[in-house]
Amino acid sequence: MTVRGLSLAVGLLAALGCAPRARLGEVPWVPADPAPLVALLEAYNRGPEGVRVAGRLRGAGWGSADFGGRVRAGAGARLDAVAGPFSTPLFALACRHGEGCLLYLPSRRTVYGLGGEESDRWFDALLRGRVPELGPAAEARRFADGRQVLRLAGVGAWEQEVEFGAGGTVPTRATWRQDGRLAAEVSYAGHFPVGGHPFPAAVGVRFAEGDASYRLEFHTVALERDRDDSLFALAVPLGTAFEPLRGLTTWHETGIPLLLPKPGR
């Protein structure tokens, strides 16, 4: 992340007497108007509405696989992963808006179900390179190194922070915390234009529980113009078993490092 005018900014804040007392290693910050960051986040999350993607999925301690997918905001998402020299099917993930997600593992002849809108909205946002939002804006902070952070408030003890780099107009990181403890972190890097909107070349996801993490590296991204919702359906062979995950992380149950339910509202 580019550091811009750190010494000048710190000196200015100190001179004004408004630099908060920071613990060792922390960068000083001052309160900021959240409205500009809210506008940046809203503009970023508006598009693209639908994309067709292909790339590489990497999971910590799990390995890697090639993937292809398609997603349309408010409709559904589909991701298929293959591995090895013969492109052996590894898993198929299908989400439909309002219905949740289904994860099919051919090696187990089992479909794992994750119901509820949180599952499909979380994965919809990630596959489109967007930021899953937790709730309304609560405050904003401007740091001496140029970063700006927007805090969103969720229900109960949940909160989210969306970070923008120095002088940046696109998010670089989002974190979710419950009772002050880190639950999940998503990073965005290498943005390039797709249909007039910035799209990240890579989306990294990390979960504190079990230290599960993965990275979606997008090699090909094209606008999705097919509006056939049946493309998000999951077809499996007869005799396939079904097991609900009941909101648990899929990697604990299946070995696939994808946590679909967004941290609670």
Side-chain angles (χ1 to χ4, degrees), residues 1-5 9 12-13 16 18-20 22 26-51 71-75 77 97 117-118 120-206 261-265:
M1 186 175 294
T2 302
V3 177
R4 243 169 109 185
L12 177 61
L13 291 173
L16 293 175
C18 58
E26 289 188 345
V27 179
W29 59 269
V30 293
D33 181 6
L37 295 185
V38 169
L40 287 178
L41 183 58
E42 289 179 348
Y44 182 80
N45 275 347
R46 272 197 291 269
E49 178 184 339
V51 291
V71 56
R72 192 170 79 249
H97 183 65
E117 293 188 11
E118 295 306 316
D120 60 70
R121 286 181 178 176
W122 168 271
F123 199 68
D124 172 308
L126 293 183
L127 202 56
R128 291 192 302 119
R130 306 303 100 183
V131 180
E133 294 183 52
L134 184 64
E139 65 174 3
R141 296 176 178 180
R142 183 173 63 254
F143 288 80
D145 58 7
R147 290 177 297 127
Q148 296 190 84
V149 172
L150 175 67
R151 187 171 71 85
L152 307 175
V155 171
W158 281 97
E159 66 176 18
Q160 176 186 3
E161 290 186 348
V162 182
E163 180 179 304
F164 295 80
T169 59
V170 297
T172 56
R173 189 168 66 109
T175 58
W176 290 261
R177 297 178 185 275
Q178 185 179 34
D179 291 318
R181 295 188 300 272
L182 180 68
E185 176 179 293
V186 178
S187 60
Y188 305 83
H191 287 84
F192 58 93
V194 174
H197 300 277
F199 197 97
V203 174
V205 183
R206 181 172 69 88
K262 183 173 67 173
R265 289 180 178 272

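Quick caveat, the model's predicted, so the values are computed rather than measured.
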Could you walk me through whether R121 and H97 pass side chain to side chain contact (heavy atoms under 4.5 Å, CB included), step by step? CA-CA 7 Å; R121 286 181 178 176; H97 183 65; 3.7 Å; yes
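Annotation for V51 and P48: closest pair CG1-CG, 3.4 Å, computed over non-hydrogen atoms. Closest non-hydrogen pair, P34 versus A140, comes out as CA-CB, 3.6 Å. For the residue pair L127 and A77, the shortest heavy atom distance occurs at CD2-CB, 4.2 Å. Closest approach of A32 to R142, counting heavy atoms only: CB-NH1, 3.8 Å. Closest heavy-atom contact between G168 and L40: O-CD1, 4.2 Å. Q160 and A174 make their closest contact through NE2-CB, 4.2 Å (heavy atoms, listed as atom of the first residue, atom of the second, distance).
In this structure, CG in L37 is found 13.0 Å from CZ in R141, a value given to the nearest 0.5 Å. With values rounded to the nearest 0.5 angstrom, R206 atom CZ is found 10.0 Å from T175 atom OG1.
Salt-bridge formation is not detected for the pair E159/R177: no Lys NZ or Arg NE/NH1/NH2 atom is positioned less than 4.0 Å from an Asp or Glu carboxylate oxygen.
By the side-chain contact (heavy atoms from CB on, under 4.5 Å) test, L41 pairs with N45, V131, E133, L150, L152, V162, F164, sequence neighbours left out. Remark: E49 engages R227 in a salt bridge (charged side-chain N to carboxylate O under 4.0 Å, His left out) (not counting sequence neighbours). For the side-chain contact (heavy atoms from CB on, under 4.5 Å) test, residues two or more places apart in sequence or in another chain that qualify with P198 are Y44, V170, H191. Partners of A153 under the side-chain contact (heavy atoms from CB on, under 4.5 Å) rule, at least two apart in sequence or in another chain, are A138. With sequence neighbours excluded, no residue forms a salt bridge (charged side-chain N to carboxylate O under 4.0 Å, His left out) with R130.
Side-chain atoms of D179 never come within 3.5 Å of backbone atoms of R181 as a donor-acceptor pair (strictly under, hydrogens ignored).
Inter-residue side-chain proximity for V203 and Y188 is flagged as met; some heavy-atom pair is nearer than 4.5 Å.
The list of salt bridge (charged side-chain N to carboxylate O under 4.0 Å, His left out) pairs with a residue in residues 164-176, not counting sequence neighbours, reads E163-R173, R173-E185.
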